[in-house]
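Please read the structure below before turning to the comments.
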There are 2 protein chains.
Amino acid sequence: MTQYEHTCMIRGDGGSTVRAVLDRICDKWTLLVVATLDEGRLRFGELHRHIPGISQRMLTLTLRNLQRDGLVSRTAHAEVPPRVEYALTDLGRSLIPPALALAGWAVEHNARIQASRAAYDGG
Amino acid sequence: MTQYEHTCMIRGDGGSTVRAVLDRICDKWTLLVVATLDEGRLRFGELHRHIPGISQRMLTLTLRNLQRDGLVSRTAHAEVPPRVEYALTDLGRSLIPPALALAGWAVEHNARIQASRAAYDGG
DNA sequence: CAGTATCCTGATAGATACTG
DNA sequence: CAGTATCTATCAGGATACTG
């Protein structure tokens with residue numbers, strides 16, 4: 001079977017289902033947060049330290065969106081000082097394999113893309 | 001083997017390789033253009049008609065970027081009126097399987113995500 | 001036909017400071 | 001510790017008009 005018979009899944013409803021997912025995972029931090037949480041349950045501050053460059057604000061926003069979509073669970077313990085733990089849900093974990101497929105493609109073809117880009121820009 | 005041992009591919013270099021790819025395919029039209037070109041070689045106007053809602057400007061920009069990265073080839077025929085054909089390169093075609101993995105996840109879990117979102121927003 | 005050229009707007013995200 | 005609250009810069013992308 002050719003790939004063509006499958007790409008209807010992308011073009012399906014004019015692309016809006018797939019786009020809805022891309023809108024979710026294609027921002028600057030989401031995939032990184034999901035991959036980091038794949039290590040296991042982590043606290044806010046731990047996440048912050050594990051993801052270089054992310055601001056508190058963006059970590060908060062990213063976690064809220066993931067929680068809203070049911071990919072991440074948030075557990076607040078009634079203690080002082082506060083302790084809040086984040087973990088992937090089953091739904092969140094199910095995103096890992098397709099994300100890895102894309103990551104694999106990225107790693108595998110990155111050099112070639114960079115070369116093509118350099119050639120295009122050069123002349 | 002757990003998924004965890006693999007997610008280093010995403011977090012690898014602080015996530016910058018994977019992000020470079022996401023930056024490429026996660027804009028509003030790229031994946032749709034690639035999926036459409038998987039049908040075969042198409043002219044600019046044909047692409048325009050096959051992708052509802054895209055403007056000439058965005059189609060041009062998207063095609064230029066894809067061409068720059070070596071995912072799409074552009075063939076201009078010296079005729080009047082002008083005829084320009086676009087097609088996926090081997091590199092472009094290689095993106096289809098991982099893209100389909102993601103699309104499959106999107107289609108499969110979309111309803112659950114929407115439900116979670118509605119529940120979160122509701123209360 | 002296959003694009004360019006402009007103008008314009010909303011959303012993304014960085015920096016910084018503050019708080020229960 | 002785990003966040004909010006503001007302010008701001010940037011930019012993707014839409015609308016519209018024009019051209020070799």
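Numbers restart at 1 for each chain; the letters A, B, ... are given by sequence-line order, proteins then strands.
Applying the side chain to side chain donor-acceptor pair (under 3.5 Å) rule to B/Arg49 yields no partners; only residues at least two apart in sequence or on another chain are considered. A search for ring pair (Phe, Tyr, Trp, His ring centres under 6.0 Å) contacts involving B/Trp105 returns B/His109, not counting sequence neighbours.
OP1 or OP2 of C/dA2 lies within a sub-4.0 Å distance of a side-chain N or O belonging to B/Arg43. The phosphate of C/dC1 has neither OP1 nor OP2 within less than 4.0 Å of any side-chain N or O from B/Tyr86.
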Run B/Glu85 and B/Arg43 through salt bridge (charged side-chain N to carboxylate O under 4.0 Å, His left out) and show every step you take. CA-CA 4 Å; B/Glu85 293 182 319; B/Arg43 299 176 62 168; 5.9 Å; no
Protein within reach of the bases, or only the backbone? For nucleotides 4-20 of chain D, mark each nucleotide 5' to 3' as B, S or -, using heavy atoms under 4.0 Å. B-B------BBB----B
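Protein atom CG of A/Leu32 is 18 Å distant from nucleotide atom P of C/dT12, rounded to whole Å. In this structure, B/Leu22 atom CG and C/dA13 atom P are separated by 12 Å, rounded to whole Å.
No side-chain donor from either of A/His48 and A/Gln56 sits under 3.5 Å from a side-chain acceptor of the other.
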Considering only distance and modelled atom types, tabulate donor-acceptor pairs under 3.5 Å from the side chains of residues 9-19 of chain B, sequence neighbours left out.
unit_1: B/Arg11; atom_1: NE; unit_2: A/Glu39; atom_2: OE2; d: 3.4
unit_1: B/Arg11; atom_1: NH1; unit_2: A/Thr36; atom_2: OG1; d: 3.3
unit_1: B/Arg11; atom_1: NH1; unit_2: A/His50; atom_2: O; d: 3.4
unit_1: B/Arg11; atom_1: NH2; unit_2: A/Glu39; atom_2: OE2; d: 3.2
unit_1: B/Asp13; atom_1: OD1; unit_2: B/Gly15; atom_2: N; d: 3.4
unit_1: B/Asp13; atom_1: OD1; unit_2: B/Ser16; atom_2: N; d: 3.1
unit_1: B/Asp13; atom_1: OD1; unit_2: B/Thr17; atom_2: N; d: 3.3
unit_1: B/Asp13; atom_1: OD2; unit_2: B/Ser16; atom_2: OG; d: 3.0
unit_1: B/Asp13; atom_1: OD2; unit_2: B/Thr17; atom_2: N; d: 3.1
unit_1: B/Asp13; atom_1: OD2; unit_2: B/Thr17; atom_2: OG1; d: 2.5
unit_1: B/Ser16; atom_1: OG; unit_2: B/Asp13; atom_2: O; d: 3.3
unit_1: B/Arg19; atom_1: NH1; unit_2: A/Asp27; atom_2: O; d: 3.0
unit_1: B/Arg19; atom_1: NH2; unit_2: B/Asp23; atom_2: OD1; d: 2.4

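In the helix from C/dC1-D/dG20 to C/dG20-D/dC1, the terminal helix axes, each the rotation mapping four pairs' C1' atoms onto the next four within five end pairs, subtend 50°, rounded to 10°.
Every pair passing salt bridge (Lys or Arg N to Asp or Glu O under 4.0 Å) that includes a residue from residues 58-81 of chain A is listed here, sequence neighbours excluded: A/Arg24-A/Asp69, A/Arg68-B/Asp121, A/Asp69-B/Arg117, A/Glu79-A/Arg83.
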